[in-house]
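The next block holds one structure in the form of structure tokens; read it before the comments.
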Amino acid sequence: MSGSDLRNEVRESFTALYGHAPESLWSGPGRANLIGEHTDYNEGFVLPFALPQRTVAAVGPAPAGEWTVCSTFESECVSFGATEPGEVTGWAAYVAGIVWALRDAGFDVPGARIALDSEVPVGSGLSSSAALESSVLTALIDLGGLDLPLERRPALAQRAENVYVGAPTGILDQSASIRCQAGRALFLDCRSYEIKQIPFDLAAEGLAILVINSNAPHQHVDGEYGARRKSCEDAARLLGVPALRDVPLDGLAAALEKLDDDVMRRRVRHIVTEDQRVLDTVALLEAGRVREIGPLLTASHASMRDDFEITVPQIDVAVSAALEAGAYGARMTGGGFGGCVLALIDVDRAEAVTAAVADAYGKPGFAAPTCWIAVASAGATRL
Ligand code: ADP
Ligand code: MG
């Protein structure tokens with residue numbers, strides 16, 4: 001569906017649901033992380049960009065203290081008043097969480113009626129949850145004229161997801177969906193929250209990022225994420241640093257010697273080397289040496305596969321097939337255990353790489369992958 005079709009549909013579904021036109025439409029994008037995986041909660045570096053696929057929220061006013069939200073993904077609309085975490089559960093908790101986080105920060109949140117639709121695949125590691133949060137957050141801020149500067153918004157949306165929804169995610173997803181710009185990747189320091197917009201106009205170089213959705217079923221994601229996080233936090237404590245971000249690359253060997261547990265050593269090695277790969281990727285992009293980031297992407301994948309152990313066979317097969325078909329580099333994006341692969345390719349190789357991945361999936365009988373070219377897009381905005 002094109003962006004304008006989606007907008008028309010959401011506008012019409014709002015009118016059908018509530019009997020009047022919405023005040024306006026807002027949207028927030030899904031995101032892909034170019035490099036820097038699991039580094040966010042280690043207070044390190046990430047480099048996401050916003051996807052063309054967006055969640056669109058049609059929003060209109062409601063009486064004070066009343067919120068209603070409907071989604072094309074769900075059969076029932078949900079209404080709620082001022083709530084505390086735990087009172088609204090399920091998908092609507094993402095919306096109730098945004099209202100709660102704004103109120104908890106002292107804002108007078110306007111009542112609202114909301115209709116949602118989305119092109120962001122759910123649960124594919126492209127952050128449909130942040131797309132939803134950022135579209136609703138931006139709408140409520142604009143509707144209420146709330147004075148919440150852009151730089152404070154990601155942490156507020158993260159709080160909604162962490163505390164209200166109960167999902168212990170880092171700041172990456174919300175930062176990307178809120179702060180990314182078209183044609184740029186967002187370099188984010190997850191300790192200081194400082195950002196830098198990095199040139200990422202691949203079309204100008206004849207290049208493209210091919211997104212390969214493995215369509216692999218997500219399994220054990222929450223438990224494995226929690227285990228990785230704990231391992232990193234335990235390692236930081238044993239090493240006497242506030243976070244693994246504080247282990248420099250040239251201090252890695254010495255740090256590893258202090259740790260007895262082989263699994264923990266590998267987790268640390270992934271985080272420390274991954275932070276450096278993000279910095280190296282940023283330096284190459286800023287120097288206009290875009291093709292040269294390929295080996296960094298592929299090295300990141302190897303580190304996630306062998307040291308952090310968060311890939312699955314469908315993902316590893318997609319990376320290998322893309323590389324064999326001529327990609328400059330390829331890696332899983334997102335938290336792992338399924339989700340998507342990004343491959344840096346010459347734009348005219350898109351069909352050949354897509355065919356090669358589909359072919360490689362046929363042999364072991366994996367469900368077919370879905371591939372598309374992702375252009376770096378704008379963050380959450382009023383439409
Ligand atoms: P991801 O963010 O990787 O897509 P999550 O598990 O973090 O996966 O978030 C997905 C959840 O977000 C869904 O299960 C649903 O509860 C909620 N969600 C996302 N988009 C929508 C939508 N358009 N309508 C209703 N709920 C949505
Ligand atoms: Mg999510």
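Scope of the values below: all heavy atoms of this structure, side chains included, with no hydrogens, waters or symmetry mates. Ligands are counted one by one from 1 in listed order, and the atoms in each one are counted from 1 as well.
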Shortest protein heavy-atom distance from [atom], along with the residue and atom involved:
{"atom": "atom 6 (O) of ligand 1", "result": "Y94 OH, 4.2 Å"}
{"atom": "atom 24 (N) of ligand 1", "result": "S71 OG, 2.7 Å"}
{"atom": "atom 15 (C) of ligand 1", "result": "W91 CB, 3.9 Å"}

[X] to ligand 1: N or O pair under 3.5 Å?
{"X": "S129", "value": "yes"}
{"X": "G90", "value": "no"}
{"X": "E74", "value": "no"}
{"X": "S128", "value": "yes"}

- prompt: Does a salt bridge link R11 with D117, judged by any charged N lying under 4.0 Å from a carboxylate O?
  reply: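 Looking at R11 and D117, the cut-off is not met.
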2.8 Å cut-off (strict), protein N, O or S atoms about the Mg ion (ligand 2):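 Every protein N, O or S atom under 2.8 Å from the Mg ion (ligand 2) counted, the figure is 1.
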Would you mind listing which atoms of ligand 1 come within a distance below 4.0 Å of any non-hydrogen atom of [X]?
{"X": "G125", "answer": "3 (O)"}
{"X": "V122", "answer": "4 (O), 10 (C), 13 (C), 14 (O)"}
{"X": "S118", "answer": "23 (N)"}

- prompt: Would E233 and R237 count as a salt bridge (charged side-chain N to carboxylate O under 4.0 Å, His left out) if you check the C-alpha gap in whole Å, the side-chain angles of each, and the deciding distance to 0.1 Å?
  reply: CA-CA 6 Å; E233 284 158 9; R237 209 170 306 119; 5.3 Å; no
query: Under 30°, 30 to 60°, or over 60°: which ring-plane class applies to H270 and F308, parallel, tilted or perpendicular?
result: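 It falls in the tilted class, 30° to 60°.
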query: Hey, what's the ring geometry for W100 with Y164, parallel, tilted or perpendicular (30° and 60° as the breaks)?
result: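 Answer is tilted, since the angle falls between 30° and 60°.
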message: Run V56 and L116 through side chain to side chain contact (heavy atoms under 4.5 Å, CB included) and show every step you take.
response: CA-CA 6 Å; V56 178; L116 297 168; over 6 Å; no
- prompt: For ligand 1, which part of F73 has a heavy atom less than 4.0 Å away: the side chain, the backbone, both, or neither?
  reply: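 Side chain only; the backbone of F73 stays clear of ligand 1.
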query: What do we get for L132 next to ligand 1 when only non-hydrogen atoms under 4.0 Å count, side chain, backbone, both or neither?
result: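 Only the side chain of L132 comes within reach of ligand 1.
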- prompt: Does T169 have any side-chain hydrogen bond (donor to acceptor under 3.5 Å, both in side chains) partners at least two apart in sequence or in another chain, and if so, which?
  reply: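 Only N162 meet the side-chain hydrogen bond (donor to acceptor under 3.5 Å, both in side chains) criterion with T169.
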Under 3.5 Å donor-acceptor, [X] side chain and [Y] backbone:
{"X": "S177", "Y": "Q174", "answer": "no"}
{"X": "N33", "Y": "T333", "answer": "no"}
{"X": "D275", "Y": "F45", "answer": "yes"}
{"X": "R266", "Y": "D306", "answer": "yes"}
{"X": "R54", "Y": "E119", "answer": "no"}

message: Can you confirm whether or not the ring centre of F200 sits under 6.0 Å from the ring centre of F187?
response: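 No, ring centres 6.0 Å or more apart.
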